[in-house]
Each structure stands twice: as structure tokens, then as C-alpha cells.
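Read the numbers this way: they start at 1 and go in the same order the structure lists the ligands and their atoms. Everything quoted here is computed from the prediction, not taken from an experiment. Note that these values count all heavy atoms, side chains included, but never hydrogens, waters or copies made by symmetry.
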Amino acid sequence: MTRLSSQINVNSAEFKANYDYNKQLADRLHERQQHAASERPQRTIDRQRQRDKLLVRERIGMILDDESPFLELSPLAAWEMYDGEAPSAGIVTGIGRIQGLECMIIANDPTVKGGTYFPETVKKHVRAQTIAEENHLPCIYLVDSGGAFLHLQADVFPDREHFGRIFYNMARMSGKGITQIAAVLGSCTAGGAYIPAMADETIIVKGNGTIFLAGPPLVEAATGAVVSAEELGGADVHTRLSGVADHFAVDEPAALEHVREIAGHLNRRKHNPLVMQQPEDPAYDPDELYGVIPADARHSYDVREIIARLVDGSRFSEFKARYGTTIVCGFAHLMGMPVGIVANNGLLFSESSVKATHFIQLCGQRGTPLLFMQNIAGFMVGKDYENGGIAKDGAKMVMAVSNVNVPRITLLHGVSHGAGNYGMSGRAYDPRFLFSWPNSRISVMSGEAAAGTLWTVGQKRVLAKLGDDATPGQIASAEAQFKQPVLDKYAHESDPYYATARLWDDGILDPVQTRVALALAFATTLNAPFPTDRFGTFRM
Ligand code: COA
């Protein structure tokens, strides 16, 4: 396989300026992740300790195998929402190995409003379950939650993808043989009680673990009966009298050890259908990615420079290199796994769309998982292109992406606008995982394009107000005034932190850590047999 040859001059001023800029973005990402993971009022941490409880990440550390990586998902969910009161949306989700099996861990964080569910908490929980279901990952629920965040009940309770979906997903996964294990380490109130009740096997901790549909205050209000939490739904009650839980644990470490014991009896084996190679570092240092990504998102760059710093040995076997050159397609290996890469290198034209469609079909035929690398301002516009049928060529790509029978992962390493997002396996196309970079931008179109479009359709009204004798200067100033709020809004809403807060992705990755994260994610996809979907009708 051909080794890519980088054209980047790592000693140039441009490289250094890009490097400093992107390194700062990465440092800010780590600071924010650290903040979301650990900044809590001291009183909530003290309360955990007084109750002999571990913090949520300590719990996860205790159930994972030694040396297991943990691919944390959406650590910045709810970032800058709810006045900062819901760091990580109050729940930690991610993939790690337990007894050698890749498992999805879904763990409430009781130091965030009693582990209650904000809208993004529900979204994050359901997203983790979706990933588990698609990739056949046993689910481990570390439960410690007061249920719905009652102030926002309309946004967490009634709809299809709200709280009830969690239990539906558990039932459906159990039906498919995807194991559901719950460890009740704290409160499990109201709807939350269904997590342990729906699980295949449940452990509950003496003293701290409680499961009930209505807690003592509500029981007293409704019936007048005064009852302690332990009598109502503690570990002894549920493992001896009610049978709602299966295993009694004397303390948290015992409960977490029991989770590992159960995972040891799952009798599962991963069937890897891929022909693997010996993993090999890229020939170019991934650290150079900081210098490769332009500080100005509008500057173009050759995506092969990124591929060279992600894939094994920087080797890339390119497909149709001379045709439809605004898309780069080819085969590579990522930590020994074969992958097909579809990466933008400019706008999408008819030729690039049909080339990508052809390549996606090849990957489906060969059973090679696909990596989509998005840096796409959209499809080419204009009379010639419309007359040439660019819409039907884009549709071919969308058809191929939607139905190809191999796992897909999408990385937003630049901008993501318009129908380009669709053809390139955007969120709506169910890639198994979607990650972004700190420099990425996502919106229907760029702020400049949106402001220009809105000005074109709205200027008549603005100019009418100015009157016929408006000077060019007045018109220019009115135009600038009209456009500025649109530009500001787009700048704010296309920011990757705005996107990740709302779970439009599965997390922002430091470019340097991307190779490892992608490899873990691709390895995860191999737990499920490849889908058997067929392509629909391609518009010719
Ligand atoms: N909705 C909104 N806020 C809630 C909440 C809920 N369901 N449950 C707890 N909170 C808030 C508390 O007001 C408190 O806020 P503050 O830090 O701003 O004062 C914070 O979460 C922590 O609650 P607190 O009771 O101090 O912590 P705790 O660890 O002693 O107890 C619970 C946690 C969850 C066991 C307890 O708060 C509780 O039982 N809550 C009610 C649960 C319930 O009935 N839920 C119904 C769901 S449908």
C-alpha cells in the first residue's frame, strides 16, 4: 500500500501559527472536560463520603478491567446549559472492558442535583443505549438517581425519546440477548425504579441502595403512613421479600465486584469478521495535526495530510485518485483494522458524489467498515450543476450511506454544512459514532451564506423603510446591521461546544487522541454482526 507523502513544512511560520492555535483549542477542551468531571460543590462530595459512597468515576474505575481504556461519550453534554448546574448532564456514559468484554457503562452522578434527569441526561442515557443496542454491548447501569428533574418534567417525561424510552430500550435489548445489569448504589425513585426492575440481574447495596415507586415523603402525603426508606425499599426488603433485586451487597466495593462476577458469566465471544494486520504507528507524528489544521476554517487543506497522521504506517490505497478529486476515497488500516475512508477535499460535485457512492458500495461488498471525514461546505450550486443533475448524484450518495451494510463512523474535522452533511454520514444517518474536533463548525450553511441569503430575501422590506433617497452609505450600513445578528447567531450555534452540549455528536476529540478513540470505536462495532440491509433504488 502506498505511503502518503506529506507536503507540510513543519518549520514554516504557517505551521507554527496553526500549531499554537489548535494546541490552545485542545488545551481548552481538556480544561473543560476536567471541569465537567470534577468541579462540584464541596458539600456534595462530602455528603458522598459521609455515606460511604464513591464518586461516579471511582465507581467506573472499580468495575473496569485493569488497563482497560474508557471511551467516554459526550463528557460535555449540557455544557453552558442550566447555569452550569448539570455538568456532563449528571451522568457518565462510555465503553470499557469488563472481564474482557466491551460493555456500555451508564452511571448516574449523584453529586449533580441528586443524579436527576435533565433533558440532556435523558438524551445521553438513551444515546448510550442506542450505541449499546447497535453494537451489541452489555449494559451496566450504576444507579444513583432521584429520577426526573421535576422542574423540567415537560421536557423529560412525555415524549417518545424521553424517560420512558430508557425502560423500553432495556426490554428490547434484553429481548435481543444484550445483557442488562443494574447495581443500585443509591436512590432509585419513581420511574428510576424501573432500571433495576427491568434489568436481567440486579445488585443492591445495604444501607444506601433503595428502590421504590414513591419515596417516604410521597407515601406519607398520599397515605399518611410514616415509613423509613430502608423499610420501604432497601436492600434487605428487595433481596429477601420483594425479589425486585437479586443480589445483596454489604457495601459499594462488594456491589461493583459482583458486577464483574456477573460479566464473567455472560458466555459471549466477539466474532471479528475482519482480516487484521499488525498495528503500526503512522509514519507522521499525530502531534503534527495541530499544525496541519488551518487556524482559519475557511482555508482549504489537503485531507490526505490528516489521513497520513491517523492511519497505520500512513499507508493509503487511494481509489479513483484522478477522478472527482474533491472527495478522497481509499483503503487503510487503523490499529490493524481495515477501514475505507471517504474524506472531503472541497465541495461535492456530481463526479465526487458518484465516486463516493461507488466506493461505499465497494466497502459494503468487502465488509470493510467506513470512516467518513467531514469538512464540507456543501454541494456545488448553480445552473450548470443543477442541469447536470447534481441533486440526483447527491441522492445516490445518500442512498449508499443510508443502506451500506458495514459500520460507519463519522469525524467532523472541519466545517459541516448543508446536504454535504447528509451525504457524508451526518448524525441523521445513524453512524455508529460521530465525533468532532475543537475547530469544527456545524450549521445548515455558513453564517456569511445565511446572512447573505436572508438579506437577499429581506432587503426589499429594509430598503422600503429607508426610502428612495437613501444614500449608498445608508444602504450599506442597513445591510451590515441586518446581517450582524445572523452572523452572531450562526457563530454561537455552530460552535462545537454548542453542538456537543446538545448531543449532536458523541464528544469532541483532541486531534492527537483521535486515532486511539476511532480505533476503540471501530473495535466496539465488531461486537455486532454486520447488518443485512440492501441498497434501495439509485436514481440514474
Ligand atoms: N427534581 C428536581 N430537583 C431535585 C430532585 C428532583 N426530582 N431531587 C433532588 N433534587 C435537588 C434538590 O433540590 C437538591 O438541590 P440543591 O442542591 O440546589 O439544594 C439536590 O437535588 C440534591 O438533593 P438532596 O435531597 O439535597 O440530596 P440527597 O443526596 O440527600 O438526596 C435524592 C437525593 C434524589 C434521594 C432526594 O433528593 C430525593 O428523594 N429527591 C426526590 C426524588 C423524587 O421523588 N423524584 C421523583 C421522580 S419522578
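In this structure, Asp159 does not pair ionically with Arg165, as no charged nitrogen and carboxylate oxygen lie closer than 4.0 Å. A salt bridge does not link Arg172 to Glu133: none of the charged side-chain nitrogens sits closer than 4.0 Å to a carboxylate oxygen. Between Arg40 and Asp109 a salt bridge is recorded (basic side-chain N to carboxylate O distance below 4.0 Å). Using a 4.0 Å cut-off between a side-chain N of Lys or Arg and a carboxylate O of Asp or Glu, Arg502 and Glu120 do not qualify as a salt bridge.
Of the protein's heavy atoms, at least one falls inside 4.0 Å of atom 42 (C) of ligand 1. Less than 4.0 angstrom separates atom 14 (C) of ligand 1 from none of the non-hydrogen atoms of the protein. Remark: atom 39 (O) of ligand 1 lies closer than 4.0 Å to no protein heavy atom. When distances from atom 17 (O) of ligand 1 to the protein are checked, a heavy atom turns up under 4.0 Å. When distances from atom 36 (C) of ligand 1 to the protein are checked, no heavy atom turns up under 4.0 Å. Within a 4.0 Å radius of atom 1 (N) of ligand 1, the protein has at least one heavy atom.
Side-chain atoms of Arg97 never come within 3.5 Å of backbone atoms of Ser68 as a donor-acceptor pair (strictly under, hydrogens ignored). Judged by distance alone, the side chain of Ser145 and the main-chain N or O of Gly115 form a donor-acceptor pair under 3.5 Å. Without hydrogens or angle criteria, Ser242 side chain to Val244 main chain gives a donor-acceptor distance under 3.5 Å.
For atom 8 (N) of ligand 1, the nearest protein heavy atom (residue, atom name, distance) is Thr116 CG2, 3.6 Å. For atom 48 (S) of ligand 1, the closest heavy atom belonging to the protein is Ala190 CB, 3.5 Å. Looking from atom 44 (O) of ligand 1 to the surrounding protein, the closest heavy atom is Thr189 CG2, 3.7 Å. If you check which protein heavy atom lies closest to atom 46 (C) of ligand 1, you get Gly146 O, 3.7 Å. Regarding atom 27 (O) of ligand 1, its nearest protein heavy-atom neighbour is Arg47 NH2, 3.5 Å. Residue, atom and distance of the protein heavy atom nearest to atom 10 (N) of ligand 1 are Lys113 O, 4.2 Å. When hydrogens are left out, the protein atom nearest atom 22 (C) of ligand 1 is Gly114 N, 3.8 Å; that is the closest non-hydrogen contact. For atom 30 (O) of ligand 1, the nearest protein heavy atom (residue, atom name, distance) is Arg51 NH2, 2.8 Å.
Contacts with ligand 1 closer than 4.0 Å are made by no heavy atom of Gln48, backbone or side chain.
In this structure, the ring of Tyr498 has its center less than 6.0 angstrom from the ring center of Trp504.
Applying salt bridge (Lys or Arg N to Asp or Glu O under 4.0 Å) to Asp506 and the options Arg127, Lys124, Arg432 leaves one that passes, Arg127.
Heavy-atom distances between Ala148 and ligand 1 reach below 4.0 Å in at least one pair. Judged by the shortest distance from any of its heavy atoms, Glu85 lies outside the 4.0 Å radius around the atoms of ligand 1. Residue-ligand proximity: Lys53 is placed with every non-hydrogen atom at 4.0 Å or more from ligand 1.
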Next item on the list: Using the ring pair (Phe, Tyr, Trp, His ring centres under 6.0 Å) rule, take Phe157 and Phe163 through it: C-alpha gap first, then chi angles, then the decisive distance, then the call.
Entry: CA-CA 5 Å; Phe157 175 68; Phe163 211 84; 8.2 Å; no
Note to self: Would Asn108 and Tyr141 count as a side-chain contact (heavy atoms from CB on, under 4.5 Å) here? Give the steps.
What the structure shows: CA-CA 8 Å; Asn108 301 118; Tyr141 302 90; over 6 Å; no
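Screening residues 222-257 for ring pair (Phe, Tyr, Trp, His ring centres under 6.0 Å) gives His247-His258 as the qualifying pairs, with residues at least two apart or on separate chains.
The atoms of ligand 1 that sit less than 4.0 Å from any heavy atom of Arg43 are 17 (O). Atoms of ligand 1 lying under 4.0 Å from at least one heavy atom of Ser187, given by number and element, are 35 (C).
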